[in-house]
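Got a structure for you, written out below as structure tokens; questions coming shortly.
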Amino acid sequence: MKRINKTLALIALASSSAAFAGSDFNTLDVDGNGAISQAEASVDAKLMSMFSELDTDQNDELSKEEFSKA
């Protein structure tokens with residue numbers, strides 16, 4: 001059930017124009033776990049292009065601190 005909810009939330013986020021107009025951490029952190037996964041970041045092409053560089057601890061998520069360097 002969590003996977004379905006997360007998928008639906010990502011679809012809703014991707015379809016919203018706000019997702020593409022200067023994304024912020026809380027908007028991208030769809031599941032509210034305090035980190036941005038690659039799936040969550042995928043709605044922002046610029047962020048995705050920088051994801052590996054920003055993910056300094058290589059855990060496949062961006063913390064608020066890592067995201068702030070974008």
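Starting from 1, each residue takes its place in the sequence as its number.
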If you look at every heavy atom in Phe51 and Gln38, which pair is closest and at what distance?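 Result for this residue pair: CE2-CG, 3.2 Å.
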
Does the Glu66 side chain pair with the main chain of Ser63, one donor and one acceptor, at a distance under 3.5 Å?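 Pair found, side chain donor or acceptor close to backbone of Ser63.
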
Phe67 side, atom CZ; Glu61 side, atom CD - distance, nearest 0.5 Å: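 These two atoms lie 14.5 Å from each other.
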
Enter the distance from Lys69:NZ to Glu53:CD here, rounded to the nearest 0.5 Å.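 The CD atom of Glu53 is 11.0 Å from NZ of Lys69, to the nearest 0.5 Å.
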
Can you tell me how far apart CD1 (Ile36) and CG (Asp60) are? Round to the nearest 0.5 Å.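 Atom-to-atom, Ile36:CD1 and Asp60:CG are 14.0 Å apart.
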
Thr27 side, atom OG1; Glu40 side, atom CD - distance, nearest 0.5 Å: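 Separation between the atoms: 11.5 Å.
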
How close do Leu47 and Ala41 get, counting heavy atoms only, and between which atoms?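 That would be CD2-CB, 3.7 Å.
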
If you compare all heavy atoms of Ala39 against all heavy atoms of Ser42, which two are closest, and at what distance to 0.1 Å?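 Nearest pair, atom of Ala39 first, then Ser42: O-OG, 2.6 Å.
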
Return yes if some donor-acceptor pair links the side-chain N/O of Asp44 with the main-chain N/O of Met48 below 3.5 Å, else return no.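 Judged by distance alone, no pair lies under 3.5 Å.
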
So, do Leu62 and Leu28 sit near enough that their side-chain heavy atoms are less than 4.5 Å apart?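 Leu62 does not reach Leu28 side chain to side chain.
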
Nearest-0.5 Å distance that lies between atom CG in Asp55 and atom OG in Ser37: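 Atom-to-atom, Asp55:CG and Ser37:OG are 11.0 Å apart.
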
Could you tell me whether Glu65 atom CD has more than 12 heavy atoms of other residues or ligands within 6.0 Å of it?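 Result for CD/Glu65: open.
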
